[in-house]
Amino acid sequence: LGAGRRVDDALLDEVEEVLYEADLGVEACEQVLDALREQARAQRLRAVEDVVAVLREELLRLLGEPPPPLLPAGATRPRVIVLVGVNGAGKTTTIGKLAARYGAEGKRVIVAAADTFRAAAIDQLAVWAERSGAEIVRQDPGTDPAAVVFDALTAARARGADLLLVDTAGRLHNKANLMAEVQKIRRVLQRADPTMPHETLLVIDGVTGQNGLLQARGFHAAMGLTGVVLTKLDGTAKGGVVVAVKTELGVPVRLVGVGEALDDLQDFVPRAFVDEILG
Amino acid sequence: NLTARLDETLRRLRGQGKLSEANIAEALREVRRALLEADVNFKVAKEFIAEVREEAIGLAVAKTVSPGQQFVKIVHDHLVQLLGTGSRDIAFATKPPTRVLVVGLQGSGKTTLVAKLGLRYRQQGRRPLLVACDIHRPAAIDQLEVLGKSVGVEVFRGESGAAAEEIARDALDRARGDGFDPVIVDTAGRLHIDAGMMQEVAEVKKAVKPHEVLFVADAMTGQDAVQSAKAFDEALGLDGVVLTKMDGDARGGAAISIRAVTGKPIKFIGVGEKLNALESFHPDRVASRILG
Ligand SMILES: Nc1nc2c(ncn2[C@@H]2O[C@H](COP(=O)(O)OP(=O)(O)OP(=O)(O)O)[C@@H](O)[C@H]2O)c(=O)[nH]1
Ligand SMILES: Nc1nc2c(ncn2[C@@H]2O[C@H](COP(=O)(O)OP(=O)(O)OP(=O)(O)O)[C@@H](O)[C@H]2O)c(=O)[nH]1
Ligand SMILES: [Mg+2]
Ligand SMILES: [Mg+2]
């Protein structure tokens with residue numbers, strides 16, 4: 001969409017390609033392209049800059065306002081944040097990054113190793129806890145994840161932790177027994193305190209296509225999501241599926257993962273995200 | 001479903017003699033929409049639809065099935081043809097040990113696949129050696145060791161601090177010395193645009209001289225599938241593709257995209273976290289799934 005081009009069918013075809021290849025999906029693409037055609041009919045598109053402006057405006061409108069901070073000032077202690085998502089999305093690594101970020105702000109952070117299933121999952125989280133200066137609550141592999149969470153909450157309250165980050169096992173949303181397991185984690189927290197968990201974040205891999213919307217529907221119905229963490233945006237994928245997640249479910253992106261190191265975590269900035277899509 | 005939608009779109013075909021440019025235009029748009037919803041890459045879908053159009057025009061309208069069914073069959077068969085050719089297992093070397101290199105993006109399912117292949121070949125009476133060449137991810141080597149142990153397959157763990165390619169070299173010495181075969185090498189997840197990491201895996205490949213390079217891709221991958229697959233193919237030369245997490249509800253259009261852009265065969269699909277959850281690839285099943 002280089003500067004100085006005139007607005008013709010070839011350009012609009014290219015726009016369609018750019019939007020689709022960003023993983024926006026059929027619904028969102030049609031919505032954005034309709035807005036564009038509307039402007040074209042009203043003769044308001046003189047140059048490619050007008051096209052880009054309309055696209056940017058429409059995408060920003062769909063994405064909504066920048067989200068509130070995860071750990072707001074004056075939050076009750078401990079603030080409990082549960083991370084869920086499908087296998088390999090980046091949950092454990094994101095917990096390490098969150099622990100580091102808030103640890104650096106002087107917060108006392110506890111991480112709960114509630115993935116008691118996958119090989120070496122607890123060891124992996126333990127490395128991140130060490131690197132970030134967080135304390136880890138863990139049990140033997142095979143322990144009921146909800147029991148680990150309960151333990152971790154007890155520890156967080158006893159030690160006056162500011163933040164409790166709960167790592168869960170990867171799971172596909174179409175597996176009823178696994179979704180029941182993560183709902184049990186939620187119930188255990190709610191029973192301890194009806195405001196918990198304060199945040200439930202769905203971690204979505206940046207390369208995910210339209211399945212990201214199905215994941216969000218499934219996890220939102222089971223858990224009630226307060227946000228999405230979109231990972232691996234340091235790759236070439238654009239992560240456009242989060243637009244549909246916001247417009248259909250009202251669930252906003254809170255954070256973005258941009259690498260495998262401890263500090264590779266950014267707040268979600270809608271404008272920067274849209275500019276990446278529009279190249 | 002697509003057949004029902006196409007029946008509706010094509011109902012005016014009844015009583016017509018042939019499929020024409022005009023009477024299938026709408027149907028082709030429906031099919032393109034289905035492919036895009038299934039995450040087939042935009043350009044790949046466009047090309048595919050053009051080929052289907054060419055094939056369909058001039059065909060006689062079928063008398064024994066509905067127009068929707070006829071059209072879906074044309075598309076389905078075309079998808080199967082695109083997905084279908086190529087061998088279905090790894091190429092075993094005449095002079096052992098056979099060497100397999102497993103590569104792909106972060107979190108795609110490589111380590112799990114390496115252990116699944118270990119189990120598969122152990123069950124065939126072979127003596128596999130799994131090689132832990134991921135020196136980056138925390139506890140990656142532990143992960144492979146736990147998995148290998150769970151299925152009675154030996155895991156080679158290199159010296160602490162060794163580079164990935166040194167570990168690979170030492171593993172091959174061990175394999176030759178103790179008669180392990182095949183040797184299956186797990187590597188760290190990496191981005192195709194990370195020059196340093198692509199250099200590392202090129203060096204591991206040089207050390208391993210693999211008979212088979214397998215690209216592991218997540219079935220839920222969207223439009224980016226063409227980018228990563230193409231880049232890995234250009235950098236390393238792929239022999240096959242494994243599509244993982246097919247026990248999910250992703251339609252799996254990435255299979256089409258990857259096949260279209262690399263021409264390499266999909267050899268296996270992962271259908272679960274358990275180490276016996278590995279199936280050979282059936283193009284007709286994947287084609288039906290993509291069409292929804
Ligand atoms: N490039 C990149 N890699 C990432 C990012 N976040 C996580 N990863 C990598 O993705 C892979 C999977 O990360 P994990 O944290 O183990 O993912 P997970 O969701 O906990 O996985 P399971 O527990 O097995 O479901 C690892 O290799 C991470 O280093 C990111 O933002 N960018
Ligand atoms: N449901 C399901 N999960 C799978 C499948 N294959 C792998 N997994 C899970 O996906 C997650 C990632 O698998 P790994 O084997 O760690 O992936 P990887 O490619 O080695 O990850 P990195 O080394 O970080 O790049 C784990 O939770 C696995 O159990 C599959 O076919 N189905
Ligand atoms: Mg994890
Ligand atoms: Mg791995």
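Per chain, numbering begins at 1; letters A, B, ... match sequence-line order.
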Query raised in the report: Within 45° of the ring axis of Tyr20(A) and under 6.0 Å from its six-membered ring centre, is that where the NZ or CZ of Arg32(B) lies?
Result: yes

Query raised in the report: At a heavy-atom separation under 4.5 Å, does Glu130(A) approach chain B through its side chain, its backbone, both, or neither?
Result: neither

Query raised in the report: Does atom CD of Gln183(A) have more than 12 heavy-atom neighbours from other groups under 6.0 Å away?
Result: yes

Report task. Assess the side chains of Asn211(A) and Asp249(B): does a donor N or O sit below 3.5 Å from an acceptor N or O? Result -> yes

Report task. Check whether any side-chain heavy atom of Asp218(B) lies under 4.5 Å from a side-chain heavy atom of Val207(A), and answer yes or no. Result -> no

Requested in this report: Answer with side chain, backbone, both or neither: which region of Val241(A) has an atom nearer than 4.5 Å to a non-hydrogen atom of chain B?
Outcome: neither

Query - Contact winner vs chain A - Ser108(B), Gly189(B), Pro138(B), heavy-atom pairs under 4.5 Å - result: Pro138(B)

Requested in this report: Find out whether Gln106(B) and Glu260(A) are in side-chain contact, i.e. whether some heavy atom of one side chain is under 4.5 Å from a heavy atom of the other.
Outcome: yes

Query raised in the report: Rounded to the nearest 0.5 Å, how far apart are CZ of Phe42(B) and CG of Asp23(A)?
Result: 13.0 Å

Query raised in the report: Considering residues, nucleotides and ligands other than Glu21(B), do more than 12 of their heavy atoms fall under 6.0 Å from its CD?
Result: no

Query raised in the report: Where does Gln143(B) contact chain A at under 4.5 Å (heavy atoms): side chain, backbone, both or neither?
Result: both

Query raised in the report: Looking at Lys245(B) and Gly88(A), what are the two nearest heavy atoms and their distance?
Result: NZ-CA, 4.2 Å

Requested in this report: Output the option from Lys46(B), His136(B), Arg137(B) having the highest count of non-hydrogen pairs under 4.5 Å with chain A.
Outcome: Arg137(B)

**Report entry** Glu203(B) atom CD, neighbour heavy-atom count above 12 within 6.0 Å
**Finding:** yes

Query raised in the report: Given that the side chain runs from C-beta out, which part of Val26(A) has a heavy atom under 4.5 Å from chain B: side chain, backbone, both or neither?
Result: side chain

**Report entry** Neighbours of chain B found in residues 174-181 of chain A - heavy atoms under 4.5 Å
**Finding:** Asn174(A), Lys175(A)

Report summary line: Assert top hit (heavy-atom pairs under 4.5 Å, partner chain A, pool Leu105(B), Val226(B), Leu191(B)) equals Leu191(B)

Query raised in the report: Has Asp8(A) got more than 12 heavy atoms of other residues, nucleotides or ligands less than 6.0 Å from its CG?
Result: yes

Report task. Report yes if some heavy atom in the side chain of Thr208(A) is under 4.5 Å from a heavy atom in the side chain of Thr221(B); otherwise report no. Result -> no

Requested in this report: For Glu51(B), look at atom CD and say whether over 12 heavy atoms of other residues, nucleotides or ligands are found less than 6.0 Å away.
Outcome: yes

Query raised in the report: Quick one: do Arg118(A) and Glu273(B) make a salt bridge, cutoff under 4.0 Å?
Result: no

Query raised in the report: Does Gln223(B) reach the side chain of Lys238(A), with side-chain heavy atoms less than 4.5 Å apart?
Result: no

Query raised in the report: Which pair of heavy atoms, one from Leu147(B) and one from Ala119(A), lies closest together, and at what distance?
Result: CD2-CB, 3.8 Å

Query raised in the report: Nearest heavy-atom pair of Asn41(B) and Glu21(A): which atoms, and what distance?
Result: ND2-OE2, 3.6 Å

Query - Under 4.5 Å from a heavy atom of chain B, the part of Asp205(A) involved - result: side chain

Requested in this report: Just give me the residue among Asp142(B), Val146(B), Asp194(B), Leu36(B) that pairs up with chain A most often, heavy atom to heavy atom, under 4.5 Å.
Outcome: Leu36(B)

Query raised in the report: Judged by modelled atom types alone, do Gln210(A) and Glu37(B) share a side-chain donor-acceptor pair under 3.5 Å?
Result: no

Query raised in the report: Looking at Ala139(B) and Ala120(A), what are the two nearest heavy atoms and their distance?
Result: O-CB, 3.8 Å

